[in-house]
Amino acid sequence: MNYWLFKSEPTSYSIDDLVRDTTMRWDGIRNYQARNMLRDDVKKGDKIIFYHSSCAEPAAVGTAKVARAGYPDFTAWDPSSENPDAKSTPEKPMWFMVDITFSSKFKTQIRLKDMHENPRLADMRLLQKGNRLSIFPILKKHFETLVHLGAQ
DNA sequence: GCCAACGTTGGC
DNA sequence: GCCAACGTTGGC
């Protein structure tokens, strides 16, 4: 069992969209580090912190779980998709995606600035300088701390 | 393999 | 809108 943090811009896809959809495809990732994790490391049943980025109040807003482990991101070879990439083909897929399912929406969202003030979260990758990956692993204690704070 | 130019992310 | 911190591209 691994734990992850997934970033999403709420104007594109928010926790409320996930509440509505229940399950969604996490597609369109076009970064090799993130791709490698989606392909090799994100497993069914893994737990996810859903995080809103690039918005007025960046914050962890809920949890989800992996419904389907990595499989080829077919939006890459669909020219009409939002993130087409002609270098990826059905025969040789270059990009991967996973499916995630809604688990919970936090009673209180945990703002980025609050995370910075919590010593238990100090070593979380989200808070490291220069972090720009859209998904990355976190520790169990990070997940549990965020869930605990979100329930208050 | 090096590195400059460029593009993107994301907090502020 | 600004800017730091990347990642990617492409000439050499």
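So you know, we letter chains A, B, ... as the sequences are listed, proteins then strands, and number each from 1.
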Discussion item. Among B:dG11, C:dT9, C:dT8, which nucleotide has an atom closest to any side-chain atom of A:S53?
Written reply: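 The answer is B:dG11.
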Fill in: Nucleotide nearest A:R132 (side chain, heavy atoms from C-beta), chosen from B:dG7, C:dT8, B:dG11
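Of B:dG7, C:dT8, B:dG11, B:dG7 is nearest to the side chain of A:R132.
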[X] [atom1] to [N] [atom2]: how many Å, rounded?
X	N	atom1	atom2	answer
A:L133	B:dG11	CG	C1'	16 Å
A:K87	C:dT8	NZ	P	11 Å
A:L126	C:dA5	CG	P	16 Å
A:N131	C:dA5	CG	P	13 Å
A:Q128	C:dC6	CD	C1'	15 Å
A:H116	B:dG11	NE2	P	9 Å
A:N83	B:dT9	CG	C1'	14 Å
A:D85	C:dT8	CG	C1'	12 Å

Practice prompt. Indicate yes or no for a side-chain donor-acceptor contact from A:Q128 to the backbone of A:A122 under 3.5 Å, with no hydrogens or angles considered.
Written response: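 Between the backbone of A:A122 and the side chain of A:Q128 there is a qualifying donor-acceptor contact (under 3.5 Å).
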Worksheet item: Does a nitrogen or oxygen in the side chain of A:Y51 sit under 4.0 Å from OP1 or OP2 of B:dG11?
Response: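 Affirmative; the distance criterion is met.
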Worksheet item: Does OP1 or OP2 of C:dA4 have a side-chain N or O of A:K129 closer than 4.0 Å?
Response: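 It does not, given that no N or O in the side chain of A:K129 lies less than 4.0 Å from OP1 or OP2 of C:dA4.
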Discussion item. If you apply the rule side chain to side chain donor-acceptor pair (under 3.5 Å), what do you find for A:E144 with A:H148, and how did you get there?
Written reply: CA-CA 6 Å; A:E144 288 173 347; A:H148 177 71; over 6 Å; no
Worksheet item: What is the nucleic acid contact for A:Q33, judged by heavy atoms within less than 4.0 Å: base, sugar-phosphate only, or nothing?
Response: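 The residue A:Q33 makes sugar-phosphate contact but no base contact.
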Fill in: Touch class at under 4.0 angstrom, heavy-atom based, for A:S54 against every strand present
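It contacts base atoms.
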Fill in: side-chain contact (heavy atoms from CB on, under 4.5 Å) partner of A:R111, chosen from A:E117, A:H116, A:E57, A:H52
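Testing A:R111 for a side-chain contact (heavy atoms from CB on, under 4.5 Å) against A:E117, A:H116, A:E57, A:H52 leaves exactly one candidate, A:E57.
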Worksheet item: Going only through I, L, V, M, F, W and Y residues with side-chain contacts under 4.5 Å, is there a path from A:L5 to A:L139?
Response: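 No, it is not one cluster - the side chains of A:L5 and A:L139 are not joined through contacts under 4.5 Å.
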Worksheet item: Are a donor atom and an acceptor atom from the side chains of A:N83 and A:S81 found within less than 3.5 Å of each other?
Response: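 The criterion, which ignores hydrogens and geometry beyond distance, is not satisfied for A:S81 and A:N83.
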